[in-house]
Protein chains: 2
Amino acid sequence: MPDTADKAISEFVEQMGLIIQSEGLPRIAGHIVGLMIMHEGPFSLTQLAERLSVSRASISTNTRLLEDLGVIVRHAKPGDRQDYFRLGQQPYARILRGVVRRMRRARDVIESTRDALPEGMADAQERLQELDAFYEALTESFLNVIDAWDAETQGSTKQKRDGVRPSP
Amino acid sequence: MPDTADKAISEFVEQMGLIIQSEGLPRIAGHIVGLMIMHEGPFSLTQLAERLSVSRASISTNTRLLEDLGVIVRHAKPGDRQDYFRLGQQPYARILRGVVRRMRRARDVIESTRDALPEGMADAQERLQELDAFYEALTESFLNVIDAWDAETQGSTKQKRDGVRPSP
DNA sequence: TAGTTTGTTCAGTCAAGACTGAACAAACTA
DNA sequence: TAGTTTGTTCAGTCTTGACTGAACAAACTA
C-alpha cells in the first residue's frame with residue numbers, strides 16, 4: 001500500500017516546513033530538509049522544484065541558505081552540468097550553532113546595556129546579570145549537546161561523552 | 001548625565017523587542033519584558049501603553065500572552081481598580097518551557113511518521129531516529145537548565161544540582 | 001553562429017499576523 | 001440616574017518577508 005507511505009511522506013515534509021518555520025527559517029527550507037530526510041537523494045535544483053511544486057527561484061534561494069548554514073551540501077556529478085544537493089554532516093547541530101550565534105548577539109546587547117547603566121540602578125543591574133547568566137547556562141548546555149553529537153556521529157574514536165563538560 | 005542612561009534604557013527595550021521577536025513572540029511582548037527588567041514596576045496597563053507609545057489594546061493582548069506564559073504576573077492594589085503587572089518568578093525559564101513544548105510536538109510528528117513508514121525505507125527510518133535522538137538530547141539539556149535554575153533561584157534548600165538528571 | 005540548459009537575481013505580489021481604533025461590558029462615582 | 005474609568009474584543013490597516021515570474025549571465029551543444 002504505497003499510498004499510505006506517500007501520504008506519510010508528504011505529511012512529514014509539510015510538517016517539517018512548519019517546524020523549521022518556528023525556528024525562524026523559511027518554510028520551503030524545511031520542506032527541502034524534510035524531503036532529504038525521507039529520501040537520501042541527491043536532488044538537483046530542478047528535481048526539488050518539481051517535487052515540492054515550488055519555483056526554481058525559491059529552491060535556489062533556500063538551497064543557498066541551507067548551504068551557508070552547512071545543513072546541506074552541494075556537489076557536482078562528473079559530466080553533468082546540474083548541481084546536486086544532499087544533507088550534510090550533523091545537519092541538526094548546524095542549525096543549533098545558528099541559535100548559539102543568536103544568543104551571543106543577545107548577550108552583547110545585555111553587556112553593553114550594563115556598561116551604559118548609571119550607578120543608581122542596582123536592581124536593574126541585578127536583573128540583567130540574571131538574564132545574562134541564563135543565556136550563559138543555555139549556551140553552555142547547547143555546546144554540550146553539539147559536542148556530544150560531534151563525538152558520537154563523527155568520531156569512531158568515541159571519546160569522552162559523559163553529557164557534562166568539565167567545569168572551568 | 002541621565003540622558004545617557006535614558007538612551008541606554010530605551011535602546012535595551014527596543015533590542016529586547018527584537019530578541020523576543022526572534023523567539024516567535026510579538027515585538028511588543030519583548031518591549032514589556034525589557035521595560036520590566038529596567039524598572040521593577042509594577043506598571044498599570046495605561047502606564048505601559050504610555051511608556052511604550054503603543055495602544056492599550058496591544059498592551060492588553062500582550063500582557064495576557066505573557067501572563068499565560070507565566071513570564072509576568074498581574075496583581076491588584078487595594079483601593080485601586082487598575083491591574084498592575086511585574087515580572088514573575090524565573091521568567092526566562094518560563095519561556096524555555098514553551099520551547100520544550102514545541103519540541104515535544106515536533107517529536108510527535110517524527111514518531112507518527114516513523115509508524116506510518118513502510119518496511120522498505122530503512123534509511124529514512126534511520127535518519128528519523130537520528131533527528132528524534134537529537135531532539136531528545138536537546139530536551140534533556142533544556143530541562144537540566146530549568147531544573148538548575150529553579151534550584152538556584154528559588155530553593156533556599158538548594159537541593160541536588162549536579163548538572164545531570166538521574167537516568168531513567 | 002544561434003539555441004539550450006542551469007543557476008542567480010530582482011522587482012513585484014501576496015499572505016500572515018502584529019497593531020490600532022472603536023465599540024463594548026463591568027465596576028465604579030457623583 | 002448619567003458619566004468615568006478600566007480592560008477586553010473585533011474588524012480593519014499596515015508591515016514584513018516569503019514566494020513568484022521574468023530577465024539575465026555563464027557554460028554548454030549543434
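We name chains A, B, ... by the order of the sequence lines, and we start the count at 1 in each one.
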Base-pair string, DNA chain C, Watson-Crick plus G-U, cut-off 3.5 Å on both distances, | for inter-strand, is ||||||||||||||||||||||||||||||
### Task
Name all pairs fulfilling the ring pair (Phe, Tyr, Trp, His ring centres under 6.0 Å) condition that reach into residues 11-42 of chain A, sequence neighbours left out, sorted by first residue then second.
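Output for this query is empty, none listed.
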Min side-chain heavy-atom separation [X]-[Y] under 4.5 Å:
{"X": "I32(B)", "Y": "M16(B)", "value": "no"}
{"X": "D132(A)", "Y": "L128(A)", "value": "no"}
{"X": "R97(A)", "Y": "I146(A)", "value": "yes"}
{"X": "L48(B)", "Y": "V54(B)", "value": "no"}
{"X": "L69(B)", "Y": "L25(B)", "value": "yes"}

*With a 4.0 angstrom cut-off to heavy atoms of chain A, pull out the first and last contacting nucleotide of DNA chain D, in 5'-to-3' order.*
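From 5' to 3', the first and last contacting nucleotides are dC19(D) to dC28(D).
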E14(B) side chain vs E11(B) backbone, donor-acceptor pair below 3.5 Å: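 No; judged by distance alone, with no hydrogens or angles, the pair does not exist.
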T61(A) (side chain) donor-acceptor with A57(A) (main chain) under 3.5 angstrom: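 Side chain of T61(A) to backbone of A57(A): a pair is present.
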For DNA chain D, find the residues of residues 13-32 of chain A with a heavy-atom distance under 4.0 Å and give them by number; none if there aren't any.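 Hits under 4.0 Å, by residue number: P26(A), R27(A), I28(A).
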**Asked** Of all of residues 55-77 of chain A, which get a heavy atom below 4.0 angstrom from DNA chain D, listed by number?
**Response**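 Of all residues in residues 55-77 of chain A, the ones placing a heavy atom under 4.0 Å from DNA chain D are S55(A), A57(A), S58(A).
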Suppose we screen for ring-ring contact (aromatic ring centres under 6.0 Å, His included). Which residues come up paired with F134(B), at least two apart in sequence or across chains?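 F134(B) satisfies ring-ring contact (aromatic ring centres under 6.0 Å, His included) with Y92(A), W149(A) once adjacent residues are dropped.
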Report task. Could you tell me whether D123(A) and R127(A) make a salt bridge, using a distance below 4.0 angstrom between a side-chain N and a carboxylate O? Result ->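 Yes, this pair counts.
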Q.
Grouping I, L, V, M, F, W and Y whenever their side-chain heavy atoms are under 4.5 Å apart, do V145(B) and Y135(B) come out in a common cluster?
A.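 Yes; tracing contacts between hydrophobic side chains, which count when under 4.5 Å, links both residues.
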Please compare S53(B) and D80(A) by the position of their nearest nucleotide in DNA chain C and report the one closer to 5'.
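So the residue in question is D80(A).
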Determine whether the side chains of R114(A) and Q129(A) contain a donor N or O and an acceptor N or O closer than 3.5 Å.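 Yes, a side-chain donor-acceptor pair sits under 3.5 Å.
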